[in-house]
Amino acid sequence: MKRLVVVGTQWGDEGKGKITDFLAQEADVVCRYQGGNNAGHTVIIDGVKHSLHLLPSGILNPNILNVMANGMVINPEAFYQEISQFNDFKLVISDRAHVVLPYHLEYDKASEHQKGDQKIGTTHKGIGPAYRDKASRVGMRVSTFVHPTRMKEKLLSLIEDANRELYGMGLGNLDFQSIYQNYQKYADFMRPYVADTSIVLNDMIKEDKKILFEGAQGVLLCLDHGTYPYVTSSSPTAASVPLNTGIAPWLVEGAVGVTKAYTTRVGSGPMPSEIHSSLADDIRIKGKEFGTTTGRPRRIGWIDTVILNHSKRVSGLTGIAMTLLDVLSGVDTLNICVSYTLDGKEIHSIPADIQDFERCTPNYITMPGWHEDITGVKHFDELPLNCKNYMEKIESLIDTKIVMFSVGPDRHQTIMKERVF
Ligand code: IMP
């Protein structure tokens, strides 16, 4: 496959950065197509940890062209800080992506605060409010942001409107002059990277280049197909790639669904297979399950094949990359959630209404675990029998092959079972 999407199949944090980084060794282009710096991708190369929030995971490789496509929302200050860590890279930013401005962060925090117990548990990065402005047709595109004269006028009118809204929420005033001074600096910095990335990507396709599309978050956080309203404000699914990048739908050739060997979730919302015993703490510590962006402890659950089947269907997964298998070493018995019970009936799909989903209880099958340390494994055949059985059971429950898996955080701990790219 020459054009492959890497998509999270759960609630984000599945290890997409690591899988993208691994596959990117073969890629000419890595393209992020949605979200902003709410994402957190950790890539470890030769023991050195790199935390990426906005930048595509190919940024560490000077031969790869990195694309930040039109579906993204970009915080210029965060961009400036993140890119300053790197010297040798190739990058283009879509002139149609939208800009996250300081008041988006204020709204995000204030609206979460107002929701009280019903809060979404957002990352407070202003992502939802930036997409709200885009959908309301008042947002600022990157093309305006980097324009030598038009940015000032647009920013002034946006800040005046924002101040009126913030005042209504009992919040303080934003100072246009100081924001403008800083943002002018960020705009100058961003300008050389800005292009029509739909043209760039389509030119690359004509040249037969290999492109990896890197999803942020996970399918269950999708605005359309996720556990609404406890979702992000964009669509991480493979189906959103054409719209969010400006390539034809039929040019996407496949999608690898990155799946943790168990489940995690940050933020609020239902999670039927959540583990409430001390095992959750053990897995959290062993798997370092704390948010890359917010540092929040992640909720831990058993793997849930209802969710995986849902992600497979709405994202057209052609293979699974299973991550963090090593974290399950030492767990005596493993549960796999295969269906839910709702109002006394067994169901195999996720109800649309969040209140129904909250009432779902999980039905499990159990499998014996393994105790061996698998972090040095280099080939599927070297895995303990119970680990292979666990993986094969999941493959059969979701009728999709595990094409690669990882047994530790480093690049060399990712193992390809089948060549997909
Ligand atoms: P927002 O994207 O900041 O608006 O947050 C909405 C929901 O998506 C919250 O539950 C966040 O915790 C979750 N979320 C956003 N980005 C990520 C991510 O990269 N990993 C995991 N959860 C995320």
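Residue indices begin at 1 and follow the sequence shown. One-based numbering, in listed order, for ligands and for the atoms of each.
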Between Tyr186 and Phe145 (judged by ring centroids, cut-off 6.0 Å), do the two rings come close enough to count as a pair? no
Can the positive tip of Lys210 be found less than 6.0 Å from the middle of the six-membered ring of Phe421, inside 45° of the ring normal? yes
Just need the protein heavy atom nearest to atom 21 (C) of ligand 1, so name the residue and atom and give the distance. Asp13 OD2, 3.2 Å
Identify, by atom number and element, the atoms of ligand 1 in contact range of Val266, meaning under 4.0 Å from any of its heavy atoms. 10 (O), 12 (O), 21 (C), 22 (N)
Counting from 1 in the order shown, the ligand 1 atoms closer than 4.0 Å to a non-hydrogen atom of Trp11 are 21 (C), 22 (N)
Tell me, which protein residue and heavy-atom name are nearest atom 2 (O) of ligand 1, and how many Å apart are they? Thr232 OG1, 2.6 Å
Asn38 side chain to Gly36 main-chain N or O, any donor-acceptor pair under 3.5 Å? yes
Looking only at protein heavy atoms, which one is nearest to atom 3 (O) of ligand 1, and how far off is it? Thr123 OG1, 2.6 Å
Nearest heavy atoms of Leu91 and Met68, plus distance in Å: CD1-SD, 3.9 Å
Treating Glu106 as the side-chain partner and His104 as the backbone partner, does any N or O pair qualify as donor plus acceptor under 3.5 Å? no
The test is salt bridge (Lys or Arg N to Asp or Glu O under 4.0 Å); show your working for Arg164 and Asp161 and say whether it passes. CA-CA 5 Å; Arg164 273 192 289 277; Asp161 288 347; 2.5 Å; yes
Hydrogens and angles aside, do Lys18 and Thr323 bring a side-chain donor and acceptor to less than 3.5 Å of each other? no
Out of Asn38, Leu221, Thr122, who is nearest to atom 23 (C) of ligand 1 when you count heavy atoms only? Leu221
Less than 4.0 Å is my threshold; does some heavy atom of Arg296 fall inside it relative to ligand 1? yes
Students should be able to answer this: which protein heavy-atom is nearest to atom 17 (C) of ligand 1, and at what distance? Gln217 CG, 3.5 Å
Nearest-contact summary for atom 19 (O) of ligand 1 - protein heavy atom, Å: Ala39 CA, 3.3 Å
Atoms of ligand 1, numbered as shown, that sit under 4.0 Å from any heavy atom of Gly121: 9 (C), 10 (O), 11 (C), 12 (O)
The closest protein heavy-atom partner of atom 6 (C) of ligand 1 is Val231 O, 3.3 Å
Subset of ligand 1 atoms that lie under 4.0 Å from at least one heavy atom of Gly40: 19 (O)
Yes or no on side-chain contact (heavy atoms from CB on, under 4.5 Å) for Val5 and Tyr33, after CA distance, side-chain angles and deciding distance? CA-CA 10 Å; Val5 190; Tyr33 57 94; 3.5 Å; yes
